[in-house]
Amino acid sequence: MNQPTDNTPRVRTRFPPSPTGALHLGGARTALFNWLFARHHGGDFVLRLEDTDRKRSKQEHTDSIMAAMDWLGLDFDEGPFYQTQRLERYREAIDQMLEQGRAYWCHCSPEDLTKKREAAMKAGGKPMYDGACREKNLGPAEGAVVRFKGPRTGSTTFNDLVKGPITFEHKELDDLIILRSDGWPTYHLAVVVDDIDMAISHVIRGDDHVNNTPRQILLYQALDAAVPLFAHVPMILGPDKTKLSKRHGATAVVDYQTLGYLPEAMINALARLGWSHGDQEKFSLQELVELFGLDAVGRSAAVFDTDKLLHLNQRYIQEAEPARLAELLPPFLAERGITEYDQALLLACLPELTPRAKTLVELADWAEPFLKAEPEMSPKAVKKFLKPETSPVLERVLAMVQERGVEPEAMEAGVRELSEELGLKLGGIAQPVRVALTGRTFSPGIFEVMAILGAERVIARLKRALAIAKG
RNA sequence: GGUCCCAUCGUCUAGUGGUUUAGGAUAUCGGCCUCUCACGCCGAAGACACGGGUUCGAACCCCGUUGGGACUGCCA
């Protein structure tokens, strides 16, 4: 075990996305766990952009990743740092290793390497670098790379904070490239140098890095640096149990934002994926900070359950303050062509709507009949409920509203009386009225709808419906 | 192929040798509530991958098998 156990240093974690795409669910959860761990221990959370892949890294991706982090509420104490701005440091580290004989120049061409790899595979062997240049003492040259001179014997063991002790035999590891022929360092070198310089104490990352860990530990040692603690959290899978990818549909955090999810629902769902606290299902961010620990992180991969996220979202929508929802709704309303509306009306209908909506998209849909001056009339609803026979009923209700207003209790009493008088069930009156007021066959309770809309709008809509009913 | 990791209801999980007829959540189904649609409430069905050990006793410990995943790049 080569882990620092004494004089425990300050907890410092980092999230190091590469700006080659949007922040996806797996990355978001990794970020969340790192953030929670740092916050729980009163430590620091560092953001670092691993942009040494010059071809695929894009500023727009950096922007979208930071926007997604911001949406989720994951703030960072330091950074963002960019690897492309730290080239000198990497060269320094590589030079140091070169001088100390811990790295060497390799002149093998990519083509030769590929050929050797394929040949080895064909022969049933391991596709590892054969160390052709390892003892040649070559110098820099056009197209040359620098490789790490790793140990050939022995083994490296690290105590993974979620998986326990893991051992790798050095003979399974080949001499990895640390400096590319284009002069940029590779991931392994850059990540180790960065984590050393940024004094990272805990590396919490995806399962897919387990195999990289021993070679990185060897790099720490070659650089005479302290090795951080590692925690590898399991992968997030798609419904088909394979690694979550774009073909699984919505995988980016921003996708869920546009689908009408609340960030707290997303956080809650992500946290519960692989981490648990007894039977508790719902956690505020504050609770998560208090309760989070690596010891309660599971070891097995998990399928991202969108149904559960949807359910959580519904519950968070129900709990959300109307004022906040009203602030979040405009883009979703605009999607439905509602750009100008009565803010007070929106605020008034929200409490009746939230129990019915699982997303902000659905909430906007429910709000539509309230906010549009003349709600769209569903043809099917009109055909079924706004017939000539129903116009007497609508007329009676209209008269009632004109006389007594829309106070719910009075309206209900009046309508119940009317239903008895006409020998109708309450639904016999409620449904035509519902269609008249909302254009749809479903809505919150009809008396609540009337109260929210107010007498003036109710009267106008009833008249409009009467005109339709009479043909 | 090699190396490493993983394995409880469809899904997310609780469970760290006996308190378990394996608990919760979600999804599904049924019922109640009811002016529609929801919310809510009640109930049903549903899992320890398999085989060996260790032990008085195993979902929990060990080994093997099977299955799944990751890595095996001059991507990160």
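Computed from a predicted structure; not experimentally measured. Letters go in sequence order (proteins before strands), and every chain restarts at 1.
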Partners meeting side chain to side chain contact (heavy atoms under 4.5 Å, CB included) with A/Leu288 (sequence neighbours left out):
A/Leu36, A/Ile267, A/Ala271, A/Trp275, A/Phe283, A/Leu285
Separation of the C1' atoms in B/rG10 and B/rU28, to the nearest angstrom
9 Å
With a 4.0 Å cut-off on heavy atoms, is A/Cys108 in touch with a base, just the backbone sugar-phosphate, or nothing at all?
base
Have a look at A/Asp160 and say if it touches a base, only the backbone sugar-phosphate, or nothing, with a 4.0 Å heavy-atom cut-off.
nothing
Taking pairing as Watson-Crick or G-U wobble with both contacts under 3.5 Å, can you name the mate of B/rA45, or confirm there isn't one?
none
Strand partner of B/rA38, provided both Watson-Crick or wobble distances fall under 3.5 Å:
none
Touch check for A/Gly274, heavy atoms < 4.0 angstrom, all strands: base, sugar-phosphate only, or nothing?
sugar-phosphate
Should B/rA27 form a Watson-Crick or G-U wobble pair with both distances under 3.5 Å, which nucleotide is its partner?
none
Whole-angstrom distance between B/rC12 and B/rG53, as gauged at atom C1'
33 Å
Residues forming a side chain to side chain contact (heavy atoms under 4.5 Å, CB included) with A/Lys163, sequence neighbours excluded:
A/Asp160, A/Ile166, A/Asp207, A/Val210, A/His232
Taking B/rA47 as the reference, what is the distance to B/rC60 when you measure between their C1' atoms (whole Å, please)?
15 Å
Using atom C1' in both nucleotides, what's the gap between B/rA58 and B/rG15 to the nearest angstrom?
13 Å
Inter-nucleotide C1' distance (B/rA70, B/rG57), Å rounded
37 Å
Need one value for A/His277: base, sugar-phosphate or nothing, where a base atom within 4.0 Å counts as base even if backbone is also close, heavy atoms only.
nothing
What is the nucleic acid contact for A/Lys163, judged by heavy atoms within less than 4.0 Å: base, sugar-phosphate only, or nothing?
sugar-phosphate
Can a donor-acceptor pair be found between the side chains of A/Gln83 and A/Arg86 at a distance below 3.5 Å?
no
Just to be sure I understand the rule, does A/Gln318 reach a base, reach only the sugar-phosphate, or reach nothing, if contact means heavy atoms closer than 4.0 Å?
sugar-phosphate
Looking for any heavy atom pair under 4.0 Å, which part of the strands does A/Asp307 touch: base, sugar-phosphate only, or nothing?
sugar-phosphate
Indicate, with a heavy-atom threshold strictly under 4.0 Å, whether A/Ser300 touches base, sugar-phosphate, or nothing.
sugar-phosphate
C1' atom, B/rG31 versus B/rG69: distance in rounded Å?
42 Å
With sequence neighbours excluded, what pairs up with A/Phe33 under the ring pair (Phe, Tyr, Trp, His ring centres under 6.0 Å) test?
A/Phe292
Is the Lys NZ or Arg CZ of A/Arg147 less than 6.0 Å from the centre of A/Trp105's six-membered ring, within 45° of the axis?
no
What distance, rounded to whole Å, do you find between the two P atoms, one in B/rA59 and one in B/rA22?
10 Å
Select base, sugar-phosphate, or nothing to describe what A/Ser276 touches, counting heavy atoms under 4.0 Å on all strands.
sugar-phosphate
Hey, could you give me each pair passing side chain to side chain donor-acceptor pair (under 3.5 Å) that has a residue in residues 296-312 of chain A? Not counting sequence neighbours.
none
Shortest non-hydrogen contact from A/Arg89 toward A/Val193
NH2-CG1, 3.7 Å
So A/Glu281, base contact, sugar-phosphate only, or nothing? Heavy-atom distance under 4.0 Å.
base
Which is true for A/Phe168 with a 4.0 Å heavy-atom rule: it touches a base, it touches only sugar-phosphate, or it touches nothing?
sugar-phosphate
Conformer about C1'-N of B/rC61 - syn within 90° of 0, anti elsewhere
anti
For B/rA7, what is the paired nucleotide under Watson-Crick or G-U wobble rules, both distances under 3.5 Å?
B/rU66
Categorize A/Trp184 for me: base, sugar-phosphate, or nothing, with a 4.0 angstrom heavy-atom threshold over every strand shown.
nothing
Categorize A/Gly278 for me: base, sugar-phosphate, or nothing, with a 4.0 angstrom heavy-atom threshold over every strand shown.
sugar-phosphate
So the contacted stretch of RNA chain B, first to last nucleotide with an atom under 4.0 Å from a non-hydrogen atom of chain A, runs from B/rG1 to B/rA76
Could you pick out which residue, A/Thr441 or A/Asp174, lies toward the 5' side of RNA chain B when each is mapped onto its nearest nucleotide?
A/Thr441
Validation row: A/Thr156, A/Thr167 side chains within 4.5 angstrom (heavy atoms)
no
Any base atoms under 4.0 Å from A/Arg434, or only sugar-phosphate, or nothing? Heavy atoms, all strands.
base
Contacts of type ring pair (Phe, Tyr, Trp, His ring centres under 6.0 Å), residue A/Tyr261, not counting sequence neighbours:
A/Tyr256
Take atom P in B/rA76 and the same atom in B/rG18, then report the distance between them in whole Å.
48 Å
Heavy-atom nearest nucleotide on RNA chain B for A/Ile177 versus A/Asp279: which residue maps closer to 5'?
A/Asp279
